[in-house]
Amino acid sequence: MLILSNPDVIAAGPEFRIEVDGRLVEDATSACYFNGWGQGSWHVFYGTAGRFSVRAPDQVRIVRDGGFDDGPAAILAYWKAIAVRLPEGGRTLRDMHGKGLPVHPDSALARYLDAAPIEPVERPDSPPLYPFHTNLSQRAAIDCALRHTISVIDGPPGTGKTQTILNLIANIIVDESKTVAVVSSNNAAVDNVHTKLVKAGFGYVTANLGNREKRITFLGTQDSRNQVVEQLRGSPARAVRRAEEMAALDGRLLGLRERERELAELRTELAAYRLEYSHFSGYLERHELPDQERLPVLRWRSAKILAFIIATDPDLARTSGIAGTIQRIGNFFRYRSMRFADARDIDVILRLQQLYYEKKMAELEQRIDSIQKSLEHREFDRLAEEQREQSEEWLIEQLRRRYEHSPTRRYDSRYQRNWHTFSRDYPVILSTCHSLQNSIGAGRLVDYLIVDEASQADLLSAAAVLACGRNVIVVGDLRQLKPTIDEEKPYPLAPNAAYDYREHSLLSSLTALYGDRLPRVMLREHYRCDPAIIGFCNQKFYDDRLVPFTRVTDGYPAMILARTAEGNHMRRVRGSDKVERINQREIDVIEREVLPRFCTEFSADQIGVTTPYRKQANRVTDALIASIESDTVHSFQGREKEAIVMTTVLDETRSGRRGLEFADRPELVNVAVSRAMKRFVLVTNYDMLPTSRNLRDLIGYIRYQNPNKEIFDSSVVSVFDLFYRDYSARLLPIASRIREESPHQTENIMRAVLEEVLEDDRFQGIRFAEQVILKNLLPDTERLTTEQRRFVGHRSASVDFDVFNSVTKERVCVIEVDGFSYHEARPEQLRRDAIKDAICAAYGIPVLRFPTTGSAEIERLRRELAILTTARAGTSAER
């Protein structure tokens with residue numbers, strides 16, 4: 001008989017908890033460890049009646065709750081104070097925070113609350129698996145996620161977030177010891193993952209839990225699932241490729257995927273050049289340049305034409321000394337076919353600019369054709385499909401081995417008691433953020449958490465889910481809508497700004513907490529929207545980092561602008577708890593004009609009408625046929641339609657302008673536009689919201705996309721962004737070698753000042769070009785005097801910096817740097833400056849002059865640009 005005595009007694013309590021079989025036991029009061037005759041055992045006691053169970057040494061673990069440390073305790077107390085204020089709909093979160101979240105030392109929550117360093121982890125010991133296809137950035141995101149305890153996948157609209165999650169799941173569950181939970185703040189995102197796993201034939205690995213109804217549905221459908229597993233168990237072993245062969249194929253595909261991305265980038269660039277060239281051609285027509293023989297540059301490439309324009313710039317040319325002589329000799333031999341052309345004549349330069357566009361587009365077409373043929377020759381599509389099939393076969397074989405020697409089981413509502421076998425049978429748990437703890441049991445940890453739509457996960461929900469996993473992969477987009485927070489309620493002060501409930505989602509909180517130390521990868525390849533539609537979001541919100549893989553259809557108007565008749569048509573309507581806004585005139589325009597003219601090619605269920613305001617969405621629903629869905633922009637997040645019509649509602653009344661604070665938010669505008677796959681129609685008031693910022697840029701962008709429409713005011717010419725981007729890139733190294741005198745050094749200083757100022761979020765999308773020919777700023781010369789026409793006809797007439805909106809291609813201002821010795825000490829230069837100022841004034845182009853003897857240039861420039869970017873709103877609305 002084994003006599004047990006002198007046990008080690010550990011009393012459970014708030015700070016120390018008893019974990020049995022990987023789960024914290026809520027009602028365990030104490031545990032005694034007996035080490036009699038070398039055969040140790042745990043006696044775990046429950047409740048007050050002396051009930052206990054005997055457990056093996058490896059079944060019990062005493063863990064200290066990290067929530068009792070000073071820093072985490074203060075954060076948890078802060079969140080608890082907010083949770084008790086939640087309405088009845090937040091009861092689950094209120095209860096969880098009320099009784100205290102378990103902070104397991106191994107959990108992602110513990111790391112997050114401590115702001116602990118993000119540790120590297122070993123990648124699963126299997127070849128990289130992509131059974132759902134992949135691309136360059138998705139591969140990088142998956143690798144990053146599997147190598148770190150905390151990581152972020154930035155997923156802009158249409159970049160394949162769900163596909164990335166599916167491939168992540170495959171790479172995790174190929175290890176039969178691992179579990180993964182996919183969660184989101186809403187059921188739609190989780191259901192999308194579940195649907196695609198089922199469609200691909202992997203639904204049997206998932207437990208789609210969450211709320212009570214979902215758990216009942218899951219438990220009731222086990223029989224059909226078990227039949228699938230039985231068939232898998234009885235199937236013969238698959239002959240899969242060796243891991244080395246799969247890795248070799250992946251390496252071979254890597255280079256081809258780089259070329260695939262380059263092909264998409266070139267197509268986007270070509271479309272942009274064609275659009276800008278159409279604007280440039282219209283510009284040339286208005287200038288009525290004299291006919292002249294084609295310039296002798298037929299065999300020149302675009303780079304050589306650009307080099308000639310720069311080499312003959314009088315502002316850069318050395319005119320004296322040995323250096324000047326060497327430069328002239330070199331230019332003679334380099335450009336001798338142009339020796340009879342007068343490079344000082346501005347009309348010659350304009351023709352060369354035209355030829356540059358034509359050559360550039362032809363070269364892009366040749367490069368596109370070359371890469372396309374290369375990919376076809378190397379059988380890229382076949383190899384990519386071969387990789388997908390091999391990955392799928394590898395995963396299926398590993399799952400067959402997982403289930404091969406285990407009988408299929410049928411679980412009831414007490415499945416958590418058999419969590420070890422349940423999680424082995426169902427390694428993929430699907431749930432909402434606030435339901436995961438109830439789905440797997442308080443204190444239990446899954447190996448990986450994947451939090452989808454993390455920009456909408458508030459911190460109370462996020463904390464609840466981070467308590468349930470060891471490693472977390474956060475998938476979201478800071479440029480999309482944030483959690484909806486009742487901002488009217490008073491909230492306590494956050495102990496640390498990174499954990500502020502009012503300010504942060506899970507994604508933004510991690511970004512604030514870790515900054516550049518946060519492992520993250522942005523998904524760049526875009527597959528949803530017409531390039532013109534996603535082009536606005538790309539230029540406005542994503543710094544041109546997205547690469548559209550969709551194709552342009554020549555002549556197809558993907559973006560439409562419709563404005564109502566003159567007048568203020570918005571009305572304020574008192575709702576149950578607040579005043580709302582409606583605009584019946586915009587609804588009438590949608591019903592009578594927009595749908596019949598622009599949406600007949602789409603089925604009704606593929607048309608969506610969206611708006612910032614709930615009352616307007618309801619009114620649209622009442623006015624239109626039922627199958628055309630109308631909803632708020634917030635409700636459309638995460639979804640898509642072939643055609644989206646947006647009604648802005650607002651007008652120029654005081655109430656309308658106040659509404660812009662909400663309706664003009666960048667996240668809202670981004671989501672609204674990026675829901676449209678083929679066509680986006682903006683319906684707005686006659687004045688086109690001149691005091692807005694993001695909606696105003698959207699309006700300007702749509703107008704720029706339609707150059708054949710008579711919509712641009714005659715006093716404004718679009719910036720030739722692409723030409724001067726290339727021009728500046730070639731100009732800088734040459735200028736740095738040539739410009740050594742002090743007046744030009746000040747231009748270098750101003751360039752640095754501009755770069756610093758334009759990093760400010762207020763100037764998002766504002767860029768600059770250097771040494772822009774003055775005539776390129778003018779749509780015509782009709783407003784000029786004879787002297788002024790003569791002045792702009794000279795090549796030397798240029799501006800130092802042209803500052804413009806890269807989204808709308810509208811000019812903000814030009815900047816002139818006035819070196820003292822070059823301007824103040826030279827009356828002739830002062831006269832030229834005065835002529836230049838008068839020309840710009842005639843066409844409404846603001847001129848900012850910065851003397852080299854001035855001070856506080858950064859603050860002055862920041863202040864002036866802030867005024868101009870606001871002031872330009874009024875002028876753009878008058879077109």
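This structure is a prediction, so every number in the text was calculated from the model and none was measured.
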Visitor: Do Lys540 and Val669 come within less than 4.5 Å of each other through their side chains, counting heavy atoms only?
Guide: no
Visitor: Between Phe541 and Phe536, is the ring pair (Phe, Tyr, Trp, His ring centres under 6.0 Å) condition met? List the steps.
Guide: CA-CA 8 Å; Phe541 304 113; Phe536 168 75; 5.8 Å; yes
Visitor: Residues two or more places apart in sequence or in another chain: which of them pass ring pair (Phe, Tyr, Trp, His ring centres under 6.0 Å) with Phe791?
Guide: none
Visitor: Does Arg551, at its CZ atom, have more than 12 non-hydrogen atoms belonging to other residues, nucleotides or ligands within less than 6.0 Å?
Guide: no
Visitor: Inspect the contact between Arg703 and Glu810 and indicate whether a charged nitrogen and a carboxylate oxygen are less than 4.0 angstrom apart.
Guide: no
Visitor: Check whether any side-chain heavy atom of Phe850 lies under 4.5 Å from a side-chain heavy atom of Leu861, and answer yes or no.
Guide: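 Sidechains of Leu861 and Phe850: in contact.
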Visitor: Would you indicate whether the side-chain heavy atoms of Val671 and Glu667 approach each other to under 4.5 Å?
Guide: no
Visitor: Do the side chains of Arg524 and Glu265 get close enough for a salt bridge, i.e. N-O under 4.0 angstrom?
Guide: yes
Visitor: Report yes if the side chains of Pro666 and Gln764 come closer than 4.5 Å at any heavy-atom pair, otherwise no.
Guide: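 They are not in side-chain contact.
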Visitor: Is there a side-chain contact between Arg849 and Asp833 (heavy atoms, below 4.5 Å)?
Guide: yes
Visitor: Could you walk me through whether Arg274 and Val552 pass the side-chain contact (heavy atoms from CB on, under 4.5 Å) check?
Guide: CA-CA 11 Å; Arg274 285 173 173 167; Val552 172; over 6 Å; no
Visitor: Nearest 0.5 Å please: distance from the CE atom of Met559 over to the CG atom of Asn706.
Guide: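 If we round to the nearest 0.5 Å, Met559:CE and Asn706:CG are 9.5 Å apart.
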Visitor: Answer yes or no: is there a side-chain heavy-atom contact under 4.5 Å between Ile858 and Arg862?
Guide: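 They are in contact (side-chain heavy atoms under 4.5 Å apart), so the answer is yes.
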Visitor: Is a salt bridge present between Glu276 and Lys809, judged by a nitrogen-to-oxygen distance below 4.0 Å?
Guide: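 Result for this pair is no, no salt bridge flagged.
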Visitor: Less than 4.0 Å between a side-chain N and a carboxylate O, is that true for Glu828 and Arg831?
Guide: yes
Visitor: Judged by atom type as modelled, is there a donor-acceptor pair below 3.5 Å linking the side chain of Thr870 to the main-chain atoms of Ala866?
Guide: yes
Visitor: What verdict does the salt bridge (Lys or Arg N to Asp or Glu O under 4.0 Å) test give for Lys373 and Glu376, after you've listed the backbone C-alpha separation in whole Å, the side-chain angles of each residue and the deciding distance to 0.1 Å?
Guide: CA-CA 5 Å; Lys373 288 179 178 178; Glu376 291 171 359; over 6 Å; no
Visitor: Report yes if the side chains of Glu258 and Glu262 come closer than 4.5 Å at any heavy-atom pair, otherwise no.
Guide: no
Visitor: Any donor-acceptor pair under 3.5 Å linking the side chain of Arg783 with the backbone of Tyr843?
Guide: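 Here the side-chain-to-backbone pair does not exist.
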Visitor: Nearest 0.5 Å please: distance from the CZ atom of Arg267 over to the CZ atom of Arg367.
Guide: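 That separation rounds to 12.5 Å.
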Visitor: Working to the nearest 0.5 Å, report the span between CG of Asp721 and NE2 of His279.
Guide: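 Going from CG on Asp721 over to NE2 on His279, the span is 11.5 Å.
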Visitor: Give a yes or no on whether a salt bridge exists between Glu864 and Arg860, defined as a side-chain N under 4.0 angstrom from a carboxylate O.
Guide: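 Yes.
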Visitor: I'd like to check the side-chain hydrogen bond (donor to acceptor under 3.5 Å, both in side chains) partners of Thr268; sequence neighbours left out, ordered by chain and number.
Guide: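 Expected list: none.
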Visitor: Quick check: does any side chain N or O of Ser281 sit under 3.5 Å from a backbone N or O of Tyr277, one acting as donor and the other as acceptor?
Guide: yes
Visitor: Using a cut-off of 6.0 Å, state whether more than 12 heavy atoms not belonging to Arg832 lie near its atom CZ.
Guide: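 It does: Arg832 CZ has more than 12 such atoms within range.
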Visitor: For Asp802 and Val772, indicate whether the former's side chain and the latter's backbone hold a donor-acceptor pair under 3.5 Å.
Guide: no
Visitor: Within 45° of the six-membered ring axis of Tyr542 and under 6.0 Å from that ring's centre, is NZ or CZ of Arg479 located there?
Guide: no
Visitor: Report yes or no: does Lys836 contribute a side-chain atom to a donor-acceptor pair with the main-chain N or O of Val799 at less than 3.5 Å?
Guide: no
Visitor: Pair Tyr727, Tyr356 - check ring pair (Phe, Tyr, Trp, His ring centres under 6.0 Å), show working.
Guide: CA-CA 11 Å; Tyr727 185 84; Tyr356 173 80; 9.4 Å; no
Visitor: For residues 525-535, run the donor-acceptor check on the side chains, cut-off 3.5 Å, and write out each pair with its distance to 0.1 Å, sequence neighbours left out.
Guide:
{"residue": "Glu525", "atom": "OE1", "partner": "Ser137", "partner atom": "OG", "Å": "2.3"}
{"residue": "Glu525", "atom": "OE2", "partner": "Arg261", "partner atom": "NE", "Å": "3.2"}
{"residue": "Glu525", "atom": "OE2", "partner": "Arg261", "partner atom": "NH2", "Å": "3.0"}
{"residue": "His526", "atom": "ND1", "partner": "Pro157", "partner atom": "O", "Å": "2.7"}
{"residue": "His526", "atom": "NE2", "partner": "Arg528", "partner atom": "N", "Å": "3.3"}
{"residue": "His526", "atom": "NE2", "partner": "Cys529", "partner atom": "N", "Å": "2.8"}
{"residue": "Tyr527", "atom": "OH", "partner": "Asn135", "partner atom": "ND2", "Å": "2.8"}
{"residue": "Arg528", "atom": "NE", "partner": "Glu640", "partner atom": "OE1", "Å": "3.0"}
{"residue": "Arg528", "atom": "NH1", "partner": "Ser674", "partner atom": "O", "Å": "2.7"}
{"residue": "Asp530", "atom": "OD1", "partner": "Ala532", "partner atom": "N", "Å": "2.8"}

Visitor: Sub-3.5 Å donor-acceptor pair from the side chain of Asn538 to the main-chain atoms of Arg545, do we have one?
Guide: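 Checking the backbone N and O of Arg545 against the side chain of Asn538, a donor-acceptor pair under 3.5 Å is found.
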Visitor: So, His287 versus Tyr283, ring centres under 6.0 angstrom or not?
Guide: yes
Visitor: Enter the distance from Cys813:SG to Leu848:CG here, rounded to the nearest 0.5 Å.
Guide: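 Nearest 0.5 Å value for the SG-CG distance: 4.5 Å.
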Visitor: How many angstroms lie between CG in Leu695 and CG in Leu682, if you round to the nearest 0.5 Å?
Guide: 7.0 Å
Visitor: For Arg693, is there an ion pair with Asp697 - N to carboxylate O distance below 4.0 angstrom?
Guide: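 The answer is no: the pair does not qualify as a salt bridge.
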Visitor: Whether Arg259 engages the ring of Phe380 as a cation-pi pair (distance to the six-membered ring centre under 6.0 angstrom, angle to the ring normal within 45°) should be assessed.
Guide: no
Visitor: Backbone N or O of Leu865 within a donor-acceptor pair of the Arg762 side chain at under 3.5 Å?
Guide: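 The answer is no, because no donor-acceptor pair under 3.5 Å joins these two groups.
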Visitor: Just checking Glu755: does its CD atom have more than 12 heavy atoms from other residues, nucleotides or ligands closer to it than 6.0 angstrom?
Guide: yes
Visitor: Does the pair Thr511 and Arg520 meet the rule for a side-chain hydrogen bond (donor to acceptor under 3.5 Å, both in side chains), with working shown?
Guide: CA-CA 10 Å; Thr511 302; Arg520 65 192 308 165; 3.2 Å; yes
Visitor: Out of Asp154, Asp477, Thr164, Leu136, which residue meets the side-chain contact (heavy atoms from CB on, under 4.5 Å) rule with Leu523?
Guide: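 Among Asp154, Asp477, Thr164, Leu136, the one that satisfies the side-chain contact (heavy atoms from CB on, under 4.5 Å) with Leu523 is Thr164.
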Visitor: Quick one: pull up CG in Asn805 and CZ in Phe763 and give me the separation to the nearest 0.5 Å.
Guide: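 Output value for this atom pair is 12.5 Å.
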Visitor: Does the Thr312 side chain pair with the main chain of Ile309, one donor and one acceptor, at a distance under 3.5 Å?
Guide: yes
Visitor: With distance as the sole test, does Glu816 use its side chain to make a donor-acceptor pair with the main-chain N or O of Asp800 at under 3.5 Å?
Guide: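 Checking the backbone N and O of Asp800 against the side chain of Glu816, a donor-acceptor pair under 3.5 Å is found.
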Visitor: Should the pair Lys360-Glu363 be classified as a salt bridge under the 4.0 Å nitrogen-to-oxygen rule?
Guide: no
Visitor: May I have the step-by-step check of salt bridge (Lys or Arg N to Asp or Glu O under 4.0 Å) for Asp143 and Arg139, ending in yes or no?
Guide: CA-CA 6 Å; Asp143 188 63; Arg139 287 179 77 262; over 6 Å; no
Visitor: Indicate yes or no: at least one non-hydrogen side-chain atom of Ile346 is less than 4.5 angstrom from one of Val792.
Guide: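 No, too far: nothing below the 4.5 Å cut-off.
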Visitor: Is the shortest distance from a Lys or Arg side-chain nitrogen in Arg767 or Asp544 to a carboxylate oxygen in the other one below 4.0 Å?
Guide: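 Judged by the 4.0 Å cut-off on N to carboxylate O distance, Arg767 and Asp544 do form a salt bridge.
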Visitor: For the CZ atom on Arg789, are there more than 12 heavy atoms of other groups (residues, nucleotides or ligands in this structure) within a distance under 6.0 Å?
Guide: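 Buried by this count: over 12 neighbours within 6.0 Å.
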